[in-house]
Amino acid sequence: MTVTVQSRASKQAKRIALWFTTFALMLVMCVPGLWVVLSAFRPNREILAKPPVWIPQELSLVNFGKVFGFGAEQVGIPVGSYFANSLIIALTSTIIALIIGIGGGYAFARYRFRFKGGLFLGLMLFRAVPGIALSLPVFMMWSKLGLVDTKLGLIIVYVSLNVPFTIWLIDGFFRQIPQALSEAAQVDGCTRWQAFWKIEFPLAKSGIAAAGVFAFLTSWNEFALASQLTRSTDSKTLPVGLLDFTAQFTIDWAGMCAMAVIIIIPALILTFIVQKHLIAGLTFGGVKG
Amino acid sequence: MAEITLEKVVKRYGALGVVHGIDLTIAHEEFVVLVGPSGCGKSTTLRMIAGLEDITGGLVKIGGQVVNDLPPRKRNISMVFQNYALYPHMNVRDNLGFGLKIAGQSPAEIARRVTEAADILGLVPLLDRTPAELSGGQRQRVAMGRAIVRNPDAFLFDEPLSNLDAKLRGQMRAEIKKLHQKVRTTVVYVTHDQVEAMTLADRIVVMKDGNIEQVGTPMEVFNHPLTTFVATFIGSPPMNLLPGTIAGQIVRLADGTEVPVPDRLQRFVRDGMAVQLGIRPDDISPVGHGLSQDGPGAEVSLTVDLAEPLGMESLIYTRLAGQEVQAKLYGPRIVAPGEVLAFRLALDRAHLFDAASGKSVRAH
Ligand SMILES: Nc1ncnc2c1ncn2[C@@H]1O[C@H](COP(=O)(O)OP(=O)(O)OP(=O)(O)O)[C@@H](O)[C@H]1O
Ligand SMILES: [Mg+2]
């Protein structure tokens with residue numbers, strides 16, 4: 001009896017400890033985010049108040065109006081262009097990275113070819129290099145090629161940044177799909193190509209969607225390389241645009257936070273989508289005994 | 001007409017030879033079972049017929065047409081895979097209809113033929129489920145339904161029952177046999193289970209290390225095995241093999257025990273020939289507890305080492321000529337270890353193999 005009571009008590013203690021740790025970690029992660037979101041709706045003086053005002057006294061959309069260039073106060077920042085640049089660059093680079101990722105992932109999962117192992121290792125090692133370390137050589141090359149301050153320049157950089165990851169993730173998903181499914185489809189009358197599109201692709205869809213969202217978020221949030229390779233409204237992205245709020249002596253925290261919220265919202269939506277897909281996973285009931 | 005012919009078919013993976021030039025003709029509507037131990041090249045052979053594996057050498061013909069360079073979809077065959085390979089994202093109805101849809105059949109025609117196949121296999125109540133919601137036996141049946149719905153020239157089965165438990169395997173075996181009687185089609189069936197081979201086949205093809213050891217009806221293969229390999233592979237428990245030497249019309253076993261050469265084999269043996277005497281457990285039985293009491297036989301006194309009672313019969317482990325042999329006792333009699341019994345060897349059903357080549361002396 002005492003043993004079970006004790007063990008139940010210790011289980012309870014463990015649970016509480018676990019909850020507490022989780023809570024503490026969530027606090028560390030969430031408070032800055034919450035602060036940013038709250039600040040987006042508060043005036044600068046409240047943000048900078050000393051001692052800090054924790055509970056917002058006045059909330060308004062003034063900061064957003066300011067950022068988008070209407071309302072009484074205005075900041076001369078072309079947020080619209082930045083948003084468009086970000087969207088075009090992130091979407092295009094994601095689509096290209098996905099196409100390469102599907103082709104490459106399928107090849108790695110299904111075919112045997114020379115230097116397969118080496119190639120895969122190479123791709124993974126490339127992932128290990130921090131992007132910023134490549135910024136100088138990339139900058140020099142891009143300036144020779146006239147790609148500095150172009151959307152195309154950033155798109156190429158983001159594609160190469162994302163491709164190893166998309167290949168790796170999609171390869172894993174295709175590997176889980178037994179080869180017999182494609183063979184069954186071919187016996188059933190499909191060409192290899194049809195077998196891929198009708199059987200293997202639908203089964204790897206969640207994985208491909210997840211890879212796409214991760215690639216999109218990487219491009220959407222990337223700052224270090226973008227800040228080197230962009231100059232003007234031709235190619236500047238939202239994260240780089242955030243810096244426009246820092247003047248020589250002042251920082252417009254309110255505007256910056258409002259813009260940060262604008263950056264976060266699409267990212268949040270996409271994160272929800274990927275979460276759904278990752279949890280949905282795949283059902284392989286038709287294959288396993 | 002879908003006769004399947006293999007001519008000198010070879011498969012190599014790089015330098016590794018897997019199938020070494022096999023010749024085989026499978027008649028229209030015949031049920032042929034490829035059987036052999038793991039790794040002997042059964043699946044590879046089947047997959048070459050299906051078009052899922054390149055053919056390194058030789059010819060594969062289906063209905064007289066060489067299909068070596070045709071993709072699977074142009075061979076008009078269907079296949080049941082070991083793991084069923086049902087499409088997990090489609091329900092049973094769509095799994096069954098997939099091939100027809102690809103072939104561009106009208107929805108009405110697809111519905112009609114899917115229902116027909118589902119009827120034959122008792123799948124009607126399951127049509128709206130996904131594969132994940134089916135039991136192993138039900139999945140197996142869907143896989144068979146997918147094969148018959150397209151009305152192919154031949155069915156290929158690759159160990160379709162190996163994932164089922166023993167009882168279900170017996171049931172499905174009977175269903176496959178019934179199915180073949182209903183839907184007369186050429187069948188090539190791969191298994192490593194000799195019971196499946198014996199029960200299903202019109203003809204059995206015994207394979208070993210990428211070669212065909214013997215082709216014949218189940219009874220031919222069982223009663224007249226051409227090699228010691230076939231003799232021990234077909235039949236359970238396996239045939240006992242006892243080394244000996246021919247002296248006149250006598251086989252002298254390793255310990256000096258002498259048994260007469262069976263009449264029907266007398267003209268095949270030479271004096272001094274090293275042989276193996278093959279005798280199935282069913283043909284070594286305590287006197288009065290055997291299958292047949294007449295015909296030529298030899299009596300020996302043997303000590304029971306171990307007895308496994310199976311109800312109406314017992315499997316007995318004993319030693320004959322210095323070697324462990326298995327014997328069968330028919331009847332509900334219980335025997336104890338250490339008991340000494342008079343056993344009768346039914347020599348009319350014994351076999352003699354050349355010791356050096358392992359081939360039946362009849363083959364010389
Ligand atoms: N892709 C491959 N590359 C190299 N060797 C292979 C390949 N596929 C099969 N083999 C070899 O070919 C031989 C025959 O394989 P196969 O699958 O035909 O055997 P099997 O008779 O079907 O055996 P099992 O009863 O275990 O299924 C085996 O030795 C196997 O290792
Ligand atoms: Mg096999």
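Since this is a predicted model, take the numbers as computed values, not measurements. Because only heavy atoms are used, hydrogens play no part in the values below, and waters and symmetry mates are left out as well, while side chains stay in. Naming: A, B, ... by sequence-line order, numbering from 1 per chain.
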Exercise. Can you tell which part of A:Ser182 gets under 4.5 Å to a heavy atom of chain B, answering side chain, backbone, both or neither?
Key: neither
Quiz prompt | Minimum heavy-atom distance A:Cys190-B:Ile102, with the two atoms named | solution = SG-CD1, 3.6 Å
Exercise. Of all the heavy-atom pairs spanning B:Leu86 and A:Leu181, show the shortest one and how long it is.
Key: O-CD2, 3.1 Å
Quiz item: Would a distance-only check, ignoring hydrogens and angles, find a side-chain to backbone donor-acceptor pair under 3.5 Å from B:Tyr87 to A:Lys198?
Solution: no
Quiz prompt | Non-hydrogen atoms of B:Arg150 and A:Asp188 that approach each other most closely | solution = NH1-OD1, 3.0 Å
Quiz item: Would a 4.5 Å heavy-atom cut-off, applied to side chains only, mark B:Pro88 and A:Ile177 as touching?
Solution: no
Quiz item: Can you tell me if CZ on B:Arg12 sees more than 12 non-hydrogen neighbours from other groups inside 6.0 Å?
Solution: no
Exercise. Quick one: which of A:Gln186, A:Gln194, A:Arg192 has the most heavy-atom pairs under 4.5 Å with chain B, could you say?
Key: A:Gln186
Practice problem: From the options B:Ile77, B:Leu156, B:Val80, B:Asn76, select the one residue that forms a side chain to side chain contact (heavy atoms under 4.5 Å, CB included) with A:Val187. | Solution: B:Ile77
Exercise. Please examine the side chains of B:Met90 and A:Ile199, heavy atoms only from C-beta on, and report whether any two atoms are closer than 4.5 Å.
Key: yes
Self-check item: Within-4.5 Å side-chain heavy-atom neighbours: B:Arg47 and A:Glu183
Solution: yes
Self-check item: Approximate separation, where rounding is to 0.5 Å, of B:His89 NE2 and A:Glu200 CD
Solution: 10.0 Å
What side-chain donor-acceptor pairs closer than 3.5 Å can you find for residues 217-224 of chain A, not counting sequence neighbours?
from	atom 1	to	atom 2	distance (Å)
A:Thr218	OG1	A:Phe214	O	2.8
A:Ser219	OG	A:Ser93	OG	3.2
A:Ser219	OG	A:Asn162	ND2	3.2
A:Ser219	OG	A:Ala215	O	3.0
A:Trp220	NE1	A:Ile263	O	2.9
A:Asn221	ND2	A:Leu217	O	3.4
A:Glu222	OE1	A:Tyr158	OH	2.8
A:Glu222	OE1	A:Leu225	N	3.3
A:Glu222	OE1	A:Ala226	N	3.0
A:Glu222	OE2	A:Ala224	N	3.3
A:Glu222	OE2	A:Leu225	N	2.8

Show the atom names and distances, to 0.1 Å, of all donor-acceptor pairs under 3.5 Å that link a side chain in residues 58-73 of chain B to residues at least two apart or in another chain.
from	atom 1	to	atom 2	distance (Å)
B:Lys61	NZ	B:Glu7	OE2	3.1
B:Asn68	OD1	B:Val60	N	2.8
B:Asn68	ND2	B:Gly58	O	2.8

